[in-house]
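Presented below is the structure to which this report refers.
These figures come from a predicted structure and were not determined experimentally. Per chain, numbering begins at 1; letters A, B, ... match sequence-line order.
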4 protein chains.
Amino acid sequence: MAEPSRRERKAVERRLAILRTAAGVFRDRGYDSASMDEIAERLDMAKGNLYYYFSNKHELLFFCQDASLDALISGVDSIAALEEEPDEKLRRAVVAHVVCVLDELEGASAHTEVHSLPEDLRGRIIAKRDVYEARVRALVESGIASGALAPVDAKLATLALLGALNAPTRWYRPGGKLSPEAIGEEFASLFLDGLRHARPSIPSTRSTR
Amino acid sequence: MAEPSRRERKAVERRLAILRTAAGVFRDRGYDSASMDEIAERLDMAKGNLYYYFSNKHELLFFCQDASLDALISGVDSIAALEEEPDEKLRRAVVAHVVCVLDELEGASAHTEVHSLPEDLRGRIIAKRDVYEARVRALVESGIASGALAPVDAKLATLALLGALNAPTRWYRPGGKLSPEAIGEEFASLFLDGLRHARPSIPSTRSTR
Amino acid sequence: MAEPSRRERKAVERRLAILRTAAGVFRDRGYDSASMDEIAERLDMAKGNLYYYFSNKHELLFFCQDASLDALISGVDSIAALEEEPDEKLRRAVVAHVVCVLDELEGASAHTEVHSLPEDLRGRIIAKRDVYEARVRALVESGIASGALAPVDAKLATLALLGALNAPTRWYRPGGKLSPEAIGEEFASLFLDGLRHARPSIPSTRSTR
Amino acid sequence: MAEPSRRERKAVERRLAILRTAAGVFRDRGYDSASMDEIAERLDMAKGNLYYYFSNKHELLFFCQDASLDALISGVDSIAALEEEPDEKLRRAVVAHVVCVLDELEGASAHTEVHSLPEDLRGRIIAKRDVYEARVRALVESGIASGALAPVDAKLATLALLGALNAPTRWYRPGGKLSPEAIGEEFASLFLDGLRHARPSIPSTRSTR
DNA sequence: TATGAATGAGATTTCATTCAT
DNA sequence: TATGAATGAAATCTCATTCAT
C-alpha cells in the first residue's frame, strides 16, 4: 500500500469540503431547489470545477447521505460493544444520533429525502439506512429481552424514536441555549422514562400490560 | 346570506380535489420535483386549467399546508375542551395527530418543507404552525401543572413529540398491518410511559428526578 | 332595406362599446400585452362573450384601426372639398387629425403597430392607411402647385407631418392644460411657419403672424 | 486600473452583439411578440445562453433603450457645445437624431414602447428620456431667447419635433433612395422653415433659401 | 485542476380560443 | 346572449451538464 501523496491528500480534503458545503445547501434549500451554482458560489469555485470531483448532483447527495449513515452506524456499533446495561446503551445511542445529526455534513441523512436519488443510488442508501435502523432496533430488542425495557413493539418504537431524533435538524441553530449533547440527553430521558408522571404510591400500569 | 349555488359548490369541490391530488404528488416527489404536469395528469385535466383555480404552484402548496394545519388545530382544540385528565387528553391528541397526518390532504403540513414557499406565504404557515405547537405545548404544560405529567422541558418535549408523530408520513403506506389509529395509540403509549421498564419492586426513578 | 330592429341596434352599440374599450387597452398596454381578460373585465363582461361579437383578438384590432382610418379619411375628404386656400386646408387637416387621434377609439390607428395583424388584415389596413396618406399628400401637393406652399418633397413632408401628429397619443392625457384642438392649432402653426424666426429688418410673411 | 483582458473584451463584444440583435427583433416585431427564441436563432446561439449575459428579456430591452438614449444625449451635448448659431445647432441636432435613430441598436429608444418595462426599469428610462428632451428643449429655448427662432411654445415644439424625428423608424429601410443623413437634412429644413411659402412679392428670409 | 461559456431539456406560467350550459 | 370551465400552444426562464482552453 503506497502512502497517499500530498496531492492525493489535498484532493480528498477538497472532496470533503465540497460535500460539507453541499450538505449545508441541501439542508437549507432541499435537494431539488439547491443549485450547483449556489454550492460552487459558497465554495468560491467555478461551477464546472465541481464536476471534476463529483460526476453529478446525485452523486453529491449520495455521498453526503452515505457518509452520514456510515458515521451513525459506526457510532451505534461502538456503543453496542460497550459493557453497559441496555437502557444505558440506548441513552448513549440517542445522544450520539442527535449529536451526529446536528453536525453539518453528517446529518445529511436526516434532512434530505431519499426520493431525490435515482433508482440505483437510492437502493444503496435505503439498504444502509435499514442497516442502521436494524442496529438501533437490536438495541431496543435486547433491552426488552433483558427486561430493562418494556415489552413494546420494537420496530414501531425504533421508528418513533428515529423520527423524533431527526427533527432537531429542522429547528436547531448553532449558538442556541442548548448544545446538541444537551438536546440528546433530554430526548433520551423523555424516551426512556416517558411523559407520564409515575404515581409513587401506585404500582405502574406498565407491569400489567 | 345566499345559499351557495350548485355551480359554486362544484367549484369548491374541484378546488378540494386539486388540493388533495397536489398534496399526494408533493408527498410522493417533494414539492420541487413535483411537476404541475403530473398533478394535472393525475387529475386528468389540462395543465392550464389548474391555473384557473390556483394562481401558481406556491399557492397550491400553501393551501395544502394551510388546510392541514387548520385540521390539526381544530382537532387539538376540541380535545382540549374535553373534560378529561391531562394525560388522557395528550393521548387523544397524539392519536388525532397521527390520523390526520396520514390523510392525503390533511397531512400536507407534515411532508413538505416550508422553505419552498415564498417569504409572505411562508410567514403565514409558520405562524399557524406555531399556533398549533403552542396548543400542544399547552396540553403538556397543564399536565405538568396538574402533576399528571413529569416536570419535563415542555417546549423540547413538544418538539420531540411532534417530530416523532410526523415521521410515519415517510414510511406509512395504506393497507399495511397497522391502521393509523393503531399507530397513534402505540405512539401515545411510548411517549406517555417511556421505553424503560418500571421496576415493580422499586419505586420509580422518576420521583427522584 | 328593412329598418334595423331594436335588437340589432343594441348589438351594434355593444360592438362599438367593445371596440372603444379594446382601443383603450391597446393604447395602454400595446396590442400584444393587452389581454382579452382585461378587455372583458373593463367591460364587466365574461371573456367568452367577446367572441360572440368578434371572432378573435386580431379582428378587434383590425376594426379599431379600420374605423379610426375611416374617420381620418372622411375628415380629410370633407376638408379637401371646402373652398379654401391650400394652406388653410392643411391647417384644418392638421387640427382634425390631432383631434381624431386623441379620441379613444378613433386614434387607434396611431397607437398600435401594424405588424401585429396577420397578413390579410394587415394588407387591408396598410392599403387604407396609404389612402389616407395619399389624401394628405394631395393637399400638400396642390398647395405647392398653387404656390401657397414651398416646393418641398411632398412625400417626405407628409411622413414627417403625420409622425408628429400621432405623437400626442403617447403623452396627451385628458384634463391637461391644452385641449386637443389647441394642440392641433399649435402643431399647424409650427409646421406651416417653421421654427426659424423671420429677421426683423427684412419684412416677411412670417412677421404678420 | 487593470487593462481589460482579451476574455473580458470578448464578453463585452458578445453583450453588444446580443443587444444589437435584440434591438433588431424588437424593432421588427415589437417587444412583446419578439421571442427569445428568435433572438437566439438570429445570433445562432442557444436560447439558454442569452441568460448568461442578461438576466431576462426586460433587461435586454432596458439596455437597448438605455444605450440608445446615451447615444442621443451625448450627440446633442456635443452639438450644444459648438460655437454656432442656435438654428444651426438645431439643424445639426435634428440630423444627428435621425441618423442615430435609424441605426439598429442606438435607435432602440424610438421603436419600443416604454410600458413594456417593469416599474423600476421604466422609471430609469423615462428619467433619461426626460433628460434628452430637456436638452433638445434647451436648444429651442436658447434659440428663441437669441431671436434666431420664433417665440413658440418650446415644450410643445420639442414634442412635435421628436415625434416627427422618430417616425422614420417605422418606414425607413436601408437601401432606399434617401440616406439617413438626407432624411435628417430634409426634416430639419421642414421644421426650421415651415411648409408655407414665402409670398414672392414681399421679401423674406425664406426667399434666400 | 480550474474556468467561463455554451447547451438543451424541462419547468412554470400565460392566454387566445372553444365548449357546454 | 352570456357565462364559467377547460384546453393547448406557446413563451420565459432555470439549471444540470459539457466543452474548450
Roughly, in whole Å, what's the span from [atom1] in [X] to [atom2] in [N]?
X      : N       : atom1 : atom2 : answer
L43(B) : dA6(F)  : CG    : C1'   : 13 Å
R14(D) : dA5(E)  : CZ    : P     : 10 Å
R6(B)  : dG4(F)  : CZ    : C1'   : 15 Å
E41(D) : dT7(E)  : CD    : P     : 13 Å
D44(D) : dT7(E)  : CG    : C1'   : 13 Å
L50(B) : dT14(E) : CG    : P     : 13 Å

Only counting residues at least two apart or in another chain, list the ones meeting side chain to side chain contact (heavy atoms under 4.5 Å, CB included) with A40(B).
K47(B), L50(B)

Can you list, in residue-number order, the parts of residues 15-28 of chain A that come under 4.0 Å of DNA chain E, counting heavy atoms only?
none

Short question: side chain of R15(C), backbone of Y53(C) - any donor-acceptor pair under 3.5 Å?
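Side chain of R15(C) to backbone of Y53(C), a donor-acceptor pair under 3.5 Å: yes, one is there.
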
Heavy-atom donor-acceptor pair, E59(B) side chain to S55(B) backbone, under 3.5 Å:
yes

Secondary structure of DNA chain E in dot-bracket form (Watson-Crick or G-U wobble, distances below 3.5 Å, | marking inter-strand pairs)
.||||||||||||||||||||

Does NZ or CZ of K57(B) lie under 6.0 Å from the centre of the six-membered ring of F62(B), at an angle within 45° of the ring axis?
no

Applying salt bridge (Lys or Arg N to Asp or Glu O under 4.0 Å), run through E13(D) and K10(D) and close with a yes or a no.
CA-CA 5 Å; E13(D) 271 168 41; K10(D) 259 183 97 171; over 6 Å; no

Check the phosphate of dA5(F) against Y52(B), side-chain N and O only, distance under 4.0 Å to OP1 or OP2. Yes or no?
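Indeed, a polar side-chain atom of Y52(B) lies that close.
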
Looking at Y53(B), does any N or O in its side chain come under 4.0 Å of the phosphate oxygens OP1/OP2 on dG4(F)?
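The answer is no; no side-chain N or O of Y53(B) sits under 4.0 Å from OP1 or OP2.
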
Tell me whether E38(C) is salt-bridged to R42(C), with the criterion being a basic N under 4.0 Å from an acidic carboxylate O.
yes

Are the charged groups of D66(B) and R129(B) less than 4.0 angstrom apart, N to O?
no

Sequence neighbours excluded - side-chain hydrogen bond (donor to acceptor under 3.5 Å, both in side chains) pairs with any residue from residues 17-27 of chain D:
none

Please list, chain by chain and in numerical order, all residues satisfying ring pair (Phe, Tyr, Trp, His ring centres under 6.0 Å) with F54(D), sequence neighbours excluded.
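By the ring pair (Phe, Tyr, Trp, His ring centres under 6.0 Å) rule, F54(D) matches F63(D).
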
For nucleotides 12-21 of chain F, read 5' to 3', which letter fits each nucleotide if B means a protein heavy atom sits under 4.0 Å from the base, S means only the sugar-phosphate is that close, and - means neither?
BBB-BBB---

Classify A11(A) by what it touches in the nucleic acid, base, sugar-phosphate, or nothing, heavy-atom distance under 4.0 Å.
nothing

Under the side chain to side chain contact (heavy atoms under 4.5 Å, CB included) criterion, do L61(D) and Q65(D) qualify, and how do the steps go?
CA-CA 6 Å; L61(D) 176 58; Q65(D) 300 197 326; 3.7 Å; yes

Salt bridge (Lys or Arg N to Asp or Glu O under 4.0 Å) between D32(B) and R29(A), worked out
CA-CA 10 Å; D32(B) 282 289; R29(A) 303 236 182 284; over 6 Å; no

